[in-house]
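Please read the structure below before turning to the comments.
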Number of protein chains: 2
Amino acid sequence: CTMELRLSICVLLLLCAAKSSNGGKILVWYTEASHWINMKPVLETLMDRGHQVTVLVPSTSLYMNSSEPSRFQYETFNIDVSLDVMERFVEEFLHFNMYEMDFMNPVQIYIKFIQLMNRNTMITLKFLDGVVKSETIMKKLREGNYDLLFADPIYAGSDLTADILGIPLVFSLRFSIANNWERLCGQLPAPPSFVPGSMSKLTDKMDFSGRLWNVIFYALQDLVLEHVIRKETDRYYSEIRGTPTSACKMMGKADIWLMRTYWDFNFPRPLLPNFKFVGGIHCKPAKPLPKKIEKFVQSSGDAGIIVFSLGSMVKNLTTEKANMIASALAQLPQKVLWRYSGKIPDTLGSNTKLYDWMPQNDLLGHPKTKAFITHGGANGVFEAIYHGVPMVGIPTFADQPDNMVQMEAKGAAVVVNLNFMTTEVLRDAVNTVINDKSFINSYKENAMRLSKIHHDRPMSPRDEAVFWIEFTMRNKGAKHLRVQAHELTWYQYHSLDVLAFLLVIDLLLIFILFKSCSFCFKRCCSRKTKRKAE
Amino acid sequence: CTMELRLSICVLLLLCAAKSSNGGKILVWYTEASHWINMKPVLETLMDRGHQVTVLVPSTSLYMNSSEPSRFQYETFNIDVSLDVMERFVEEFLHFNMYEMDFMNPVQIYIKFIQLMNRNTMITLKFLDGVVKSETIMKKLREGNYDLLFADPIYAGSDLTADILGIPLVFSLRFSIANNWERLCGQLPAPPSFVPGSMSKLTDKMDFSGRLWNVIFYALQDLVLEHVIRKETDRYYSEIRGTPTSACKMMGKADIWLMRTYWDFNFPRPLLPNFKFVGGIHCKPAKPLPKKIEKFVQSSGDAGIIVFSLGSMVKNLTTEKANMIASALAQLPQKVLWRYSGKIPDTLGSNTKLYDWMPQNDLLGHPKTKAFITHGGANGVFEAIYHGVPMVGIPTFADQPDNMVQMEAKGAAVVVNLNFMTTEVLRDAVNTVINDKSFINSYKENAMRLSKIHHDRPMSPRDEAVFWIEFTMRNKGAKHLRVQAHELTWYQYHSLDVLAFLLVIDLLLIFILFKSCSFCFKRCCSRKTKRKAE
């Protein structure tokens, strides 16, 4: 009767109920890369529970592949964007983030960022053309009689499509820049004084300058959302619907927002009843390693191993960078498993092995693993938390710098900069997270504490996500969880009209009081003067 | 493999784990009446799961009785408040709420309210004397080595005591007036534009005047909290701790707030990770009725029955009121079961039976029940929601008017006023909730919809409450769920210092720009003048 046994029996019972739950029809919006990794386990569980899952897939895609063997049904739509255009965009985006940004001033970064966001919006809307402007696809979707649309809003248009089809919408979201989708469209309260904007690299403990920067960061990003992204999207949505339409309002109609984070990872912050924090959906216990890898791992002895990956998007580094990293790794007493498919560095030590791909989760869950050198992608960080492994972060783009700031603030990671690090800095960082005892708790102890928080929740994130998707299908929406704030303007929301009214009343009262006093005073004076005159 | 079967097996598994979970020692703060009703089922479950529960009970109490047979251990402390003083206070409080308030103007109500709050604070602190000023009790509590203090904050001092004992604190709270404990001490965001203050009788859909009133209501209640309640409590806390202590800050240290409401009942609103909404803890399926009552219920035929109770605190009505109510009930085709222990009204119909006590939950769950006439206490309303029974509300005090406003807004109740209602008004109200078909959904359908929301959640409220209490014991607190807002001043929280700084910078820039322009302009002009002069 241990906790694990009970949990597994509960899961079995949930599974055995699959046949009894009325199977629904779920339409899944197209997405990419790590976003897809997080949606898949939920969809698989939904299929186990008797639901039918259809995934919209663009004819050209960088990471999603409708021909790969899978249990899902695919609905392919044509798009007018070539693979070349997409690849060039991703390459430019990565290069900017990895190698240029550190050497630019804030104004240059902001301008480049706006340009990239602009191009991203254009590409996104071209994808959307393939769905909402295709009569064939829309007819198919209408005839599909879906019960729900499940979408990561990273690609625009899921809200518009759900609205056209008249079906409930559930979002799966990791983050938006400066939390502006959640804040401005989802009405999620996020006071800038203690809720750091996503990508601001701030923690929840901000001094005056931190809070100042956060306010400015929110404002700058809101300008981008309002005048770059939304402007185009609003125009597009309005054209399709034939009536002025705010894309943000449309987004706010979502029934449930499944946020892919939790309090082991994120700083605690205000939420709303229709925002469910289900971070760590893809996490699972480690499986045994392939024999060859296990042999290498075991050869590490008491020193243990280090797992090193910069994620699926960063494949190569400059020769110089790779050499610098390899020589740092060579100086470590541990054995290192490095996922790297570039040219073999000259400085590669005998303790380091390169892999095109490696079973990352199984390695992180291995008892010999001492540390994880990571780019700080949310999925990898969650796996490290799950298994309680301290990290060295070399973040490059998107939420990665923020993720690592969070892990650093919680004492479970040391962060180094890809552009400015030296062999010594990297080597010392790894030694620190493994051996440092100068804090009250070691990095390992902190990582284990986060792991405990991760595991010790009322319900697994996957079950919680599945519950709310099924809830939305069963009840044809979840509008009772949606706050009335959606119906207010920004000045009503902040009671500015009420405060202005009270101010006017106050001023009026003061004015009347002043006039009455001066009137009385004058009468008194004039009487006295008269008397004196008499 | 139905949902119910799965749930019961899960519950069994949880129970069977009781022995395996390390039994903790839980100290329970004294409370009263309906507050105690809600804490009891949680404590019983905790005992089933192997924990030891000790309840602090004052030597004199209106509703709590340490001599009543129970599984809990009691720790009695002496208080210097006589039963007579308490009874007189409750009587005066009830009389003010039931019969005086409706005939007073807002200023009179506010003054009377302040007086009552003042007296209540004094009584509360006298209770506290019996604990923190008693060396014997404090020694016993220290030696008890408790793992957690579980408290309804309605009686002050649990936070102070948890702090002295150095143990985690879990609150169980129904509401505070204008949500000011949650807002000001717990840092729960509650924008007055869509979060109506508790006891304001507003809904979440407010027009300008509603929002204006809500802002004023928040402000007035905050004044009472600050200058009436907290002033005394702060003085008391500071004296005990020997250092200036804010009672509100102390309250804010609570690890978990178990809020006794849910979205079937309350309007959706922002929350925080350490606020868990566990409304309906005491709800349970109906048991068969006692034979005599069942016989009477069955005699109602197709017309069905009406259940009528004004709660445990209101025992008697004026003869006139009772007669008026009885004659309304006499005109109904249903049989009526009325919990009433006053003088038998002359107008009592043959369809109405009076009871000193009745099995309310079992009656509400009976298939013949058509409506529930209620004072609108949260426990009764939750039972009606649980069983999907439409209501007629005759609210009198505390959260009752608000509860009924919420049920009315959700289309599950009609509200009448005890002081102004007539025989016809009451009769028509009952007929409306039973028969009205003019809305899109009938009152019954709406009540059933709320019932569905109540039942369709990932976890039963009792299990959720137990989970978080055990979590807090296991982890010696739950500080990772506590937002950083607790460390900010009010102007920092609202970023007012940042905005002021930005405003000054702006003004400075404008000033410099203006000065530069005027300087250039002057130079240009003077040159021209010179040239002209030449």
Side-chain angles (χ1 to χ4, degrees), chain A residues 1-3 5-6 9-10 13-14 16-17 19-21 188-189 191-194 204-206 208 211-212 214-216 263-264 267-274 277 452-453 456-459 463-464 467-468 471 474-475 480-485 487-488 492-495 497-499 501-502, chain B residues 1-3 5-6 9-10 13-14 16-17 19-21 188-189 191-194 204-206 208 211-212 214-216 263-264 267-274 277 452-453 456-459 463-464 467-468 471 474-475 480-485 487-488 492-495 497-499 501-502:
Chain A
C1 250
T2 61
M3 183 60 102
L5 181 70
R6 273 180 297 135
I9 298 181
C10 278
L13 286 166
L14 286 169
C16 93
K19 290 274 141 57
S20 74
S21 74
L188 187 67
S193 51
F194 68 100
D204 61 345
K205 288 183 190 68
M206 292 176 262
F208 179 80
R211 291 187 291 107
L212 176 65
N214 202 35
V215 166
I216 294 172
W263 317 118
D264 48 350
F267 301 116
R269 49 155 300 148
L271 36 149
L272 287 176
N274 63 338
F277 286 72
K452 202 175 169 198
I453 294 170
D456 198 357
R457 41 182 157 176
M459 207 174 187
D463 286 348
E464 199 175 342
F467 178 88
W468 288 111
F471 179 96
R474 265 196 301 273
N475 297 282
H480 69 289
L481 299 178
R482 206 168 156 272
V483 287
Q484 195 58 23
E487 313 309 323
L488 301 174
Q492 286 173 335
Y493 182 99
H494 294 289
S495 296
D497 52 348
V498 168
L499 295 178
F501 177 79
L502 289 174
Chain B
C1 251
T2 62
M3 182 62 102
L5 181 69
R6 274 180 298 136
I9 297 181
C10 278
L13 286 166
L14 284 170
C16 94
K19 291 274 141 58
S20 75
S21 74
L188 187 68
S193 51
F194 68 99
D204 62 344
K205 287 183 191 66
M206 291 177 263
F208 180 80
R211 290 187 291 109
L212 177 64
N214 202 35
V215 166
I216 294 173
W263 317 118
D264 48 349
F267 301 116
R269 48 155 301 148
L271 36 148
L272 286 176
N274 63 338
F277 286 73
K452 202 174 168 199
I453 293 170
D456 199 356
R457 42 182 155 175
M459 206 176 188
D463 287 349
E464 199 175 343
F467 178 88
W468 288 112
F471 179 96
R474 265 196 302 274
N475 297 283
H480 70 289
L481 299 177
R482 205 167 156 273
V483 286
Q484 195 58 23
E487 313 308 323
L488 300 174
Q492 286 173 334
Y493 182 99
H494 294 287
S495 297
D497 52 348
V498 168
L499 295 178
F501 176 79
L502 289 174

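What you see is a predicted model, and the numbers here were worked out from it, not measured in a lab. Computation of the quantities below employed the complete heavy-atom set of this structure, encompassing side-chain atoms and omitting hydrogens, waters and symmetry-equivalent molecules.
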Proximity breakdown for A/V483 and chain B, heavy-atom pairs closer than 4.5 Å: both
To the closest 0.5 Å, what do you measure between CD (B/E487) and CZ (A/F194)? 11.5 Å
Which one wins on heavy-atom pair count under 4.5 Å against chain B: A/Q484, A/Q492, A/R482? A/Q484
Engaged part of B/L188 at the chain A interface, taking heavy atoms whose separation is under 4.5 Å: neither
Contact origin within A/P273 toward chain B - heavy atom pairs under 4.5 Å: both
Where A/M459 and B/P458 come nearest, the two heavy atoms and their spacing: SD-CB, 3.4 Å
Look up atom CD1 in B/I453 and atom CZ in A/F471, then write down how far apart they are to the nearest 0.5 Å. 6.0 Å
Please give me the minimum heavy-atom distance between B/R474 and A/K452, naming the atom from each residue. O-NZ, 3.7 Å
Give the minimum heavy-atom separation between A/L272 and B/P270, together with the two atoms involved. CD2-CA, 3.6 Å
Under 4.5 Å from any heavy atom of chain A - which part of B/R211: both
Among B/N475, B/I216, B/N274, which has the most heavy-atom pairs under 4.5 Å with chain A? B/N475
Side chain, backbone, both or neither: which part of A/L488 has an atom under 4.5 Å from a heavy atom of chain B? side chain
Any idea which of A/N214, A/V215, A/D264 has the most non-hydrogen atom pairs under 4.5 angstrom with chain B? A/V215
Quick one: CG on B/D497 to CG on A/L212, what's the gap to the nearest 0.5 Å? 9.0 Å
Name the orientation class of the two ring planes belonging to B/F501 and A/F208 (parallel below 30°, tilted from 30 to 60°, perpendicular beyond 60°). perpendicular
Taking all atoms of both residues into account, what is the closest heavy-atom pair of B/R457 and A/F467, and its distance? C-CZ, 3.3 Å
